[in-house]
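Notes follow the structure.
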Amino acid sequence: MRGAVRRPVSLRRAFLVTIGAGWAGYGGIGIIGNPRYGTSRGLADITRYVSLNALGWMWVACGAVAVVAGLVVACPRVQAAGFVALAVPAALWGGAFTASALSTYPQAAGSACGWAAFAIGILWVSGMEDPLPPHLRKRYR
């Protein structure tokens, strides 16, 4: 394949696959399989209406959507859905832990900061573009 232009790995797609797999693992292992006390207590406002098991499956499903979106090449709409699938559970966790920290469980403040920052970070990455291939970049001296 002499002279063929090799496409670089898309960092956005790699992010979707990596974090999506982490989300699925967190939902399956950390929530469905073995929920921690702090997680259960910090989500008490939500678990009144939705079971922790269902929330765990939401993480698994959102992670799977992100992984699939990351594997699809050259389809920005599918990638956008993957970024939404990553941001929604992190934002939900951030909001729930913030509400708990401000009301009945002040120890949730650290988790609130982490999850809210993670959701905002996902939104920032979703707006970034992959770098141009080397042959299209400007050459600086």
Side-chain angles (χ1 to χ4, degrees), residues 1 3-141:
M1 293 183 63
V5 177
R6 193 174 75 103
R7 275 188 101 148
V9 174
S10 166
L11 299 177
R12 288 168 42 89
R13 288 182 27 238
F15 182 86
L16 285 169
V17 170
T18 303
I19 304 301
W23 265 207
Y26 177 70
I29 298 167
I31 299 173
I32 297 168
N34 188 18
R36 295 176 309 124
Y37 171 74
T39 301
S40 301
R41 178 134 184 235
L43 298 172
D45 291 337
I46 295 173
T47 55
R48 278 187 234 150
Y49 308 104
V50 180
S51 73
L52 200 54
N53 197 42
L55 292 170
W57 281 109
M58 175 199 65
W59 278 88
V60 172
C62 287
V65 167
V67 168
V68 169
L71 296 175
V72 173
V73 178
C75 191
R77 287 187 178 154
V78 174
Q79 290 177 12
F83 282 109
V84 169
L86 291 181
V88 165
L92 178 65
W93 253 229
F97 279 104
T98 299
S100 289
L102 295 174
S103 60
T104 60
Y105 187 49
Q107 296 87 343
S111 293
C113 292
W115 285 115
F118 213 134
I120 292 167
I122 291 166
L123 292 177
W124 284 345
V125 171
S126 73
M128 295 178 180
E129 294 182 18
D130 281 322
L132 291 171
H135 70 283
L136 294 177
R137 295 181 200 157
K138 287 184 175 180
R139 302 211 188 277
Y140 294 100
R141 297 178 200 224

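On a predicted model such as this, the values are computed, not experimentally measured, just so you know. Heavy atoms only: backbone and side chains are in, while hydrogens, waters and symmetry mates are out.
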Classify the angle between the aromatic ring planes of Tyr26 and Trp115 as parallel (below 30°), tilted (30 to 60°) or perpendicular (above 60°).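 Rings of Tyr26 and Trp115: tilted, 30 to 60°.
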Mind listing the closest non-hydrogen atom pair of [X] and [Y] along with its distance?
X	Y	value
Pro35	Leu52	CB-CD2, 3.5 Å
Val17	Val67	O-CG2, 3.7 Å
Ala119	Ala91	CB-N, 3.7 Å
Ser100	Leu43	OG-N, 4.5 Å
Leu16	Ala66	CB-O, 3.5 Å
Asp130	Leu11	OD1-N, 3.0 Å

Measuring centre to centre across the rings, with the benzene-like ring taken for any Trp, is Trp93 within less than 6.0 Å of Trp23?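 No, too far apart.
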Enter the distance from [X]:[atom1] to [Y]:[atom2] here, rounded to the nearest 0.5 Å.
X	Y	atom1	atom2	answer
Leu92	Phe97	CG	CZ	10.0 Å
Thr98	Asp45	OG1	CG	11.0 Å
Asn34	Ile31	CG	CD1	11.0 Å
Tyr105	Ser40	OH	OG	9.5 Å
Ser51	Ile32	OG	CD1	9.0 Å
Leu123	Leu86	CG	CG	10.0 Å

Short question: side chain of [X], backbone of [Y] - any donor-acceptor pair under 3.5 Å?
X	Y	answer
Arg36	Gly30	no
Arg12	Ser126	yes
Arg13	Ala74	no

Could you tell me whether the side chain of Pro89 reaches within less than 4.5 Å of the side chain of Met58, counting heavy atoms only?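 Side-chain contact under 4.5 Å: yes.
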